[in-house]
Amino acid sequence: TERFLSRTLKALEIVADKLHKSGFGVPTRIFCVLASPWYASQTRVIHLKKNKPFIFTEKIADELIKREIKLMSEEHLSQYGSGEGAIRPIELKNIKTSLNGYDTEEPLYKKAKELEMSIFISMSGESMLAKMENAIRRFFQSEEIKFSSFAIASFTAARDFDSKRENFLLVDIGGEVTDIFMVKKNVLRDSISFPLGRNFFSRSVASGLGSTISEANSLISLLKDGHAEETVAAKLKTIMDKLRSEWLNKFQESLANLSNDISIPATVYITADATFSDLFADTIKAEQFSQYTLAESKFEITVLNTKLLHNLASFEEQQATRDPFLIIDCVYINRFLLKI
């Protein structure tokens, strides 16, 4: 983990340095969207029931939310170390509030006997966040650097893509980790991760072919497009089939552990590097176990790629690389965080 963090901080410094030298000017606000495994997130459901009607106030909401943050912090102490200030909550979103069993968009100062709040909380290690802040402040001075999670950003993008869909899976394939989030009735309910991402494929192909990781990625891309040399393609396909099977087994195990006797949504949204997105989409489509034992029906896969997200963000330079992760982050920041 220390080595991975060191590489991440180095990459962050390189990006900040390039921005500093680009001539775009000094940013007025700085946002950092964290990918797994740099944050822990959870949707906490708060229940409050009284015999007599009560008025739901900001004070009641604050007390209930503070209690949940404290409980979640205690649960993650082993991950981030002990002691006061070891963990920093970075994100809190009230996803849904119900009074007397009815969803309410404006619940404050209304009377009820029963309250249910679904709140999404993200937190991260204070030490790691401080290192990230220091890396950025080497180039840009900013009083506050706002952190958030890619989980809530991709949830927002997927939900907005089809507002009528209330149930779906989010599968985010990062460099080292695959995260799966289950959304039920427009609430981010549960999540699970397993430590196999795109770098698992890159490293394994490089090892199997005796190539560099950069060469391995190029060969995977050529195979995907049908342009790999025949002999290399045959050997690469054998390696890739084995890797896909291993990743798929972990995916199936994760879905089984995620379901807890409730059906898995059939709609699946994938976020992944462009080189690998079709590979993972085809791998999930090809599997049968979960589709017929856990899912509501056969999986319907949508890749949140640049083509699908094209109209959501504009780019200053025509030749700029349109990265789907960056588009999703920008849409979320523009919609929610800039209003803070």
Side-chain angles (χ1 to χ4, degrees), residues 29-43 90-96 105 118-122 124 146-175 177-193 197-198 251 254 258 264-281 284-285 299-316 320-340:
R29 300 185 71 178
I30 298 176
F31 299 91
C32 249
V33 181
L34 301 178
S36 187
W38 304 126
Y39 69 91
S41 64
Q42 197 175 44
T43 297
I90 60 170
E91 190 171 51
L92 172 69
K93 281 198 73 66
N94 187 351
I95 298 175
K96 188 169 69 172
E105 289 190 10
S118 297
I119 59 170
F120 181 83
I121 303 170
S122 294
S124 192
K146 173 67 180 174
F147 291 93
S148 60
S149 69
F150 185 71
I152 199 71
S154 59
F155 164 67
T156 302
R159 185 184 57 185
D160 289 358
F161 177 69
D162 186 352
S163 58
K164 293 180 182 178
R165 295 263 190 201
E166 291 189 332
N167 307 324
F168 54 88
L169 286 180
L170 282 171
V171 181
D172 174 34
I173 300 106
V177 177
T178 293
D179 291 317
I180 306 172
F181 302 93
M182 183 165 64
V183 178
K184 286 273 190 173
K185 294 185 178 179
N186 276 327
V187 174
L188 254 171
R189 286 227 357 210
D190 297 294
S191 66
I192 196 167
S193 302
R198 65 178 182 273
F251 179 76
S254 298
L258 186 68
I264 294 288
T267 300
V268 181
Y269 293 103
I270 292 178
T271 50
D273 182 271
T275 304
F276 291 89
S277 58
D278 290 339
L279 164 73
F280 287 109
I284 295 173
K285 283 178 187 175
F299 285 135
E300 179 186 322
I301 315 291
T302 299
V303 178
L304 295 176
N305 54 27
T306 51
K307 184 179 179 181
L308 195 69
L309 303 168
H310 182 75
N311 294 325
L312 295 182
S314 60
F315 289 76
E316 192 74 21
T321 302
R322 284 161 167 73
D323 180 81
F325 295 96
L326 193 57
I327 294 172
I328 290 169
D329 294 344
C330 288
V331 168
Y332 174 68
I333 289 167
N334 188 61
R335 184 168 306 166
F336 292 102
L337 300 185
L338 285 174
K339 296 176 181 177
I340 295 173

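Residues Phe276 and Ile173 form no side-chain contact, since every pair of their non-hydrogen atoms from C-beta on lies 4.5 Å or further apart. At least one side-chain heavy atom of Phe299 sits less than 4.5 Å from a side-chain heavy atom of Ile264. At a threshold of 4.5 Å between non-hydrogen side-chain atoms, the residues Asp190 and Phe181 do not count as touching. Within the 4.5 Å cutoff, side-chain heavy atoms of Leu258 are placed close to those of Leu169. Within the 4.5 Å cutoff, side-chain heavy atoms of Ser277 are placed close to those of Val303. Using a 4.5 Å cut-off on side-chain heavy atoms (C-beta onward), Ile95 and Leu188 make contact.
Salt-bridge formation is detected for the pair Arg165/Glu300: a Lys NZ or Arg NE/NH1/NH2 atom is positioned less than 4.0 Å from an Asp or Glu carboxylate oxygen.
Of the inter-residue distances, the one linking Cys330 atom SG with Phe325 atom CZ reads 13.5 Å to the nearest 0.5 angstrom. Note that CD1 of Ile270 and CD1 of Ile301 are 5.0 Å apart. Values are rounded to the nearest 0.5 Å. With rounding to the nearest 0.5 angstrom, the OG atom of Ser191 is 10.0 Å from the CE atom of Met182. We find the CZ-CZ distance between Phe280 and Phe251 to be 11.0 Å, quoted to the nearest 0.5 Å. Atom CG in Asp323 sits 10.0 Å away from atom CG in Leu309 (nearest 0.5 Å). Expressed to the nearest 0.5 Å, how far OH of Tyr39 lies from CD1 of Ile152 amounts to 9.5 Å.
If you look at Tyr269 and Phe168, their ring centroids are closer than 6.0 Å.
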Query - side chain to side chain contact (heavy atoms under 4.5 Å, CB included) evaluation trace for Tyr332 with Ser148 - result: CA-CA 10 Å; Tyr332 174 68; Ser148 60; 4.1 Å; yes
Query raised in the report: Does the pair Thr156 and Val331 meet the rule for a side chain to side chain contact (heavy atoms under 4.5 Å, CB included), with working shown?
Result: CA-CA 9 Å; Thr156 302; Val331 168; 5.7 Å; no
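For the side-chain hydrogen bond (donor to acceptor under 3.5 Å, both in side chains) test, no residue two or more places apart in sequence or in another chain qualifies with Asp278. In this view, Leu92 and Ile65, Ile119, Ile121 satisfy the side chain to side chain contact (heavy atoms under 4.5 Å, CB included) rule, not counting sequence neighbours. Residues that satisfy the side-chain hydrogen bond (donor to acceptor under 3.5 Å, both in side chains) test with Ser118, not counting sequence neighbours, are absent from this structure. In terms of the side-chain hydrogen bond (donor to acceptor under 3.5 Å, both in side chains) criterion, residue partners of Asp273 (sequence neighbours excluded) are, by chain and number, Thr275. The salt bridge (Lys or Arg N to Asp or Glu O under 4.0 Å) search around Glu166 returns none, not counting sequence neighbours. For the side-chain hydrogen bond (donor to acceptor under 3.5 Å, both in side chains) test, residues two or more places apart in sequence or in another chain that qualify with Thr178 are Trp247.
Looking only at distances, no side-chain donor or acceptor of Asp329 sits under 3.5 Å from a matching main-chain atom of Val33. Looking only at distances, a side-chain donor or acceptor of Lys146 sits under 3.5 Å from a matching main-chain atom of Ile90. Panel note: side chain Glu91, backbone Ser149; a donor-acceptor pair is recorded below 3.5 Å.
For Thr271 and Asp172, the side-chain atoms include at least one donor-acceptor pair closer than 3.5 Å.
The two residues Asn186 and Arg159 have their closest heavy-atom pair at OD1-CG, 3.6 Å. Nearest heavy-atom pair across Ala35 and Phe150 is CA-CB, 4.5 Å. The shortest non-hydrogen separation linking Asn167 to Lys184 is OD1-CA, 3.3 Å. Across all their heavy atoms, Val177 and Ser36 have their closest contact at CG1-OG, 3.6 Å.
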